[in-house]
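The chains referred to below are lettered A, B, ... by the order of the sequence lines, with proteins before strands, and numbering in each begins at 1.
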Amino acid sequence: MFEVLIKQGKKTTFLNVLHAGKESGLINEIRYKQILKECFQLQKEMVYSFNRNRSTCIKFNKYNLIVNSIWYTLDHIIAKTSAPIQLLNDHTISQLYKNGQHIVEELQETLKLLGNEAYKTRLVSSNERYLSILDEQLPAFIESYDALYNACVCIYDFDYPLLDGLALYHNMYDLKGIDMVLEYMQRFLFEQDFCNRFDQEEVHTLFYCYEMQIGVEITYLGVNLCELILIQKLCTYVVGNHTGLLFDEEQIGRLEHRIKTFANCKDIMEYVFAMLEKEVADDAMFAHLVRFKPYFLQKIEIASSCGTFRNLLIMKYDCEEEASFQMNPSCDEDIYNKLLGNLEKLQTPSAKIDCILATSIGFYDYYDLLESNILFEEELYLLFERMDFTQKACLFYYRNKELMTFHSELSIKYCCQQWHTQYLWEEILKHTFEHMGEDMEGEFMHCLHLVKSAMKNI
Amino acid sequence: MQYVKRVNQNKLVQALNDVNTDISLRGYFLTKEDVNELRETQRLACLQNKIIEFDIQILFLITMQMSKSPYITIDRFIPSIKEMIFSYYAIRARSKNRLTDKEITDILYEEYVNRKGTIDLYLLQAVLRNIKKRESGNV
């Protein structure tokens with residue numbers, strides 16, 4: 001019977017089997033009518049129980065949900081058996097429905113187990129969508145799933161993309177209700193297990209370097225975490241004797257050289273996936289990882305034709321420089337008051353500026369000082385002229401924090417255009433940036449990056 | 001789509017006899033043709049309000065209620081029942097399923113008597129207000 005349905009391009013659902021059975025004569029006319037009658041009786045019972053026997057009528061959309069739930073439950077029992085026609089001839093519909101309910105309950109239990117496992121082995125990451133699946137969407141789905149009256153519906157869209165993209169792009173895997181969620185969670189767990197095979201500290205460093213490389217925190221990006229690791233891993237196979245996931249300039253050069261030795265990108269893809277299969281040694285997991293093949297091929301093709309492996313791969317980020325860079329948020333109140341007292345006594349602008357720069361005050365103190373309007377225009381020009389890049393970068397970052405959150409490449413010009421100045425000192429500071437030389441800009445940007453990462457830790 | 005599901009004929013005859021013994025005391029009588037006419041009305045009302053009905057018991061419930069009405073004459077008996085059927089399903093479509101059929105027909109009849117036998121939009125509004133009050137207390 002299954003073969004007949006597959007030939008006709010139909011799914012093996014309860015209704016399809018019933019109609020196919022009638023057409024082929026395996027279910028006789030009397031039994032067919034009886035089955036329809038039993039189905040109607042079941043619908044009636046379900047509607048009455050939904051209404052808690054208060055009413056004999058029901059709204060059309062609710063009725064549809066109940067009927068679809070009944071077909072959904074019966075589909076499960078049909079899908080499980082090898083002789084569906086015999087099942088329909090031998091058992092009453094209410095018996096089949098009860099058995100189907102057991103299967104759906106088992107699926108619910110399986111989903112709970114998968115959920116627990118996924119929760120226990122979760123990755124340390126701040127990816128908002130990833131956390132939303134584990135903390136919000138899955139528990140809420142398990143709790144709110146109504147197998148009796150609303151079995152086909154899943155109100156959560158499970159929007160953390162897997163290796164082959166969002167479930168939505170695959171028409172929710174042509175599945176409904178709990179089946180869809182189970183399929184999604186199984187794939188989700190394969191990816192999570194794959195990520196857990198690596199040293200967690202290394203993975204954490206990888207995510208950190210990725211954040212630093214593209215200039216956006218991983219929290220805001222709906223990226224697939226497994227994809228980040230998998231691309232690195234696959235490229236390490238090409239390089240050969242390479243330990244660790246991160247790449248540096250030398251290894252990128254070696255990678256480019258090795259890629260030239262292959263005839264085309266498809267060969268590279270086949271080679272790396274064959275290596276991956278050996279290492280993974282888990283057929284089910286590898287079957288899922290293989291879904292990434294076309295995407296990987298596309299990425300490799302683009303990177304090799306444009307020579308943009310530095311953008312495709314995550315490079316080692318120099319954390320030592322950052323660690324050596326420390327900022328002082330604010331100084332003691334006494335020091336600041338003493339500075340204010342000194343400034344009152346001094347007369348010439350240059351003496352005042354010398355006094356300010358000589359006192360080691362924190363960057364928040366600079367804002368206080370500037371916003372209190374103690375300094376005149378001439379003095380402000382002099383101050384910004386003598387300030388070093390780090391101090392200027394602090395002031396710049398503080399005023400343009402929001403602009404710099406989502407821009408991978410910071411541009412002083414763009415920030416200056418968007419900068420709505422409120423105070424005189426801001427206008428002067430903006431003026432100094434606008435007239436900054438191109439050679440200075442590179443050095444300033446470096447300082448700005450350091451300030452940006454240092455500010456996060458404060 | 002079948003908005004009113006089929007009903008067992010024996011049960012229908014039995015229910016009709018029961019209703020007739022009740023309403024004949026007040027001088028009314030329902031024939032089989034009348035019942036068919038009411039069922040057609042029920043079908044239209046369900047279609048209009050997108051409701052699926054599994055039983056025709058509600059027709060007899062409304063008939064019994066309306067036979068008590070002091071505001072109808074014998075020639076307005078069936079048309080009044082039809083109007084009430086439309087009102088009943090309009091209310092069902094606009095309220096939650098927290099009250100029983102009997103409770104809703106009771107409220108409907110109560111408001112109908114309060115409004116001196118007029119069946120219009122204001123009657124529906126009054127019934128819906130009443131139902132909402134009860135539902136909020138009945139949760």
With rounding to the nearest 0.5 Å, note down the distance linking [atom1] in [X] to [atom2] in [Y].
X: A:Ser55; Y: B:Asp55; atom1: OG; atom2: CG; value: 10.0 Å
X: A:Tyr63; Y: B:Phe54; atom1: OH; atom2: CZ; value: 4.5 Å
X: A:Lys62; Y: B:Lys50; atom1: NZ; atom2: NZ; value: 14.5 Å
X: B:Ser95; Y: A:Lys59; atom1: OG; atom2: NZ; value: 6.0 Å
X: A:Lys44; Y: B:Ile52; atom1: NZ; atom2: CD1; value: 14.0 Å
X: A:Phe50; Y: B:Asn97; atom1: CZ; atom2: CG; value: 7.0 Å

Item to complete: Please check if any side-chain donor atom of A:Thr56 sits under 3.5 Å from a side-chain acceptor atom of B:Glu53, or the reverse.
Response: yes
Should we count [atom1] of [X] as having more than 12 external heavy atoms under 6.0 Å?
X: B:Tyr122; atom1: OH; value: no
X: A:Gln86; atom1: CD; value: no
X: A:Ile30; atom1: CD1; value: no

Worksheet entry | chain B contact via A:Tyr48 - which portion, at a heavy-atom distance below 4.5 Å | side chain
Discussion item. Which residues in residues 60-89 of chain B have any heavy atom closer than 4.5 Å to a heavy atom of chain A?
Written reply: B:Tyr88, B:Tyr89
